[in-house]
Amino acid sequence: MAPDPFPRRDGPRLDIRPMSGPADAAVRLAVVGEIDLSTVPVLEAALNPLLAEGAAQVALDLSGVTFCDAAGLNRLLAARRVLDAFGSELVLHGPCPSLQLLLDVVAPELELAPPLTR
């Protein structure tokens, strides 16, 4: 039997944790792992409560993300649209090369920030 070209991995390969920061209205999250179709639900679970609460600013440190596909990009852009509609802001810090490439093509107007200090 030939090896499976698409082996399954156990559990999500994405970890999202709150980051401490200055005492301001920004919600800061460190994102580590891969953002793809299989892990978008993990990202949604972290972002949806913030979107529902109307956070003034959500800052995502993506310097620990090793890969992001179109599904991940779509979720990030959707979160940005929701926050923009409420006068809030999504700030992406230190995107990985695959996400940077997608953003350059799909959303070149989106300003990116350097990685947050952990």
Do you know which two heavy atoms are closest between E34 and T66, and how far apart they sit?
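Heavy atoms of E34 and T66 come nearest at CG-OG1, 3.5 Å.
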Please tell me if the side chains of D61 and V31 come closer than 4.5 Å, counting only heavy atoms from C-beta onward.
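Not in contact.
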For residues 98-105, which side-chain N or O atoms pair as donor and acceptor with protein atoms under 3.5 Å away, sequence neighbours left out?
unit_1, atom_1, unit_2, atom_2, d
S98, OG, C68, N, 3.0
Q100, NE2, D104, OD1, 2.8

Would you give me the side-chain donor-acceptor pairs under 3.5 Å for residues 82-96, sequence neighbours excluded?
unit_1, atom_1, unit_2, atom_2, d
S88, OG, A55, O, 2.7
E89, OE1, Q57, NE2, 2.7
H93, ND1, P114, O, 2.7

Under a single-linkage definition using a 4.5 Å side-chain heavy-atom cutoff for Ile, Leu, Val, Met, Phe, Trp and Tyr, are V106 and L60 assigned to the same hydrophobic cluster?
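Yes, because V106 and L60 connect within a single hydrophobic cluster, where side-chain heavy atoms sit under 4.5 Å apart.
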Counterpart residues, side chain to side chain donor-acceptor pair (under 3.5 Å), relative to E53 (two or more places apart)
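Expected list: none.
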Side chain to side chain donor-acceptor pair (under 3.5 Å) partners for N48, two or more places apart:
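Partners of N48 under the side chain to side chain donor-acceptor pair (under 3.5 Å) test: R75.
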Can you sort out the partners of D36 under salt bridge (Lys or Arg N to Asp or Glu O under 4.0 Å), two or more places apart, ordered by chain and number?
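Testing D36 for salt bridge (Lys or Arg N to Asp or Glu O under 4.0 Å), a comparison that skips the adjacent residues, returns R13.
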R17: which residues meet the salt bridge (Lys or Arg N to Asp or Glu O under 4.0 Å) condition with it, sequence neighbours left out?
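Salt bridge (Lys or Arg N to Asp or Glu O under 4.0 Å) list for R17, sorted by chain: D15.
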Hey, could you give me the CG/CG distance between L29 and L50, rounded to the nearest 0.5 Å?
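It comes to 6.0 Å.
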Atom pair CZ/OG1 of F67 and T39 - distance to nearest 0.5 Å:
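Those atoms lie 9.5 Å apart.
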Side chain to side chain contact (heavy atoms under 4.5 Å, CB included) evaluation trace for V32 with V65:
CA-CA 5 Å; V32 178; V65 172; over 6 Å; no
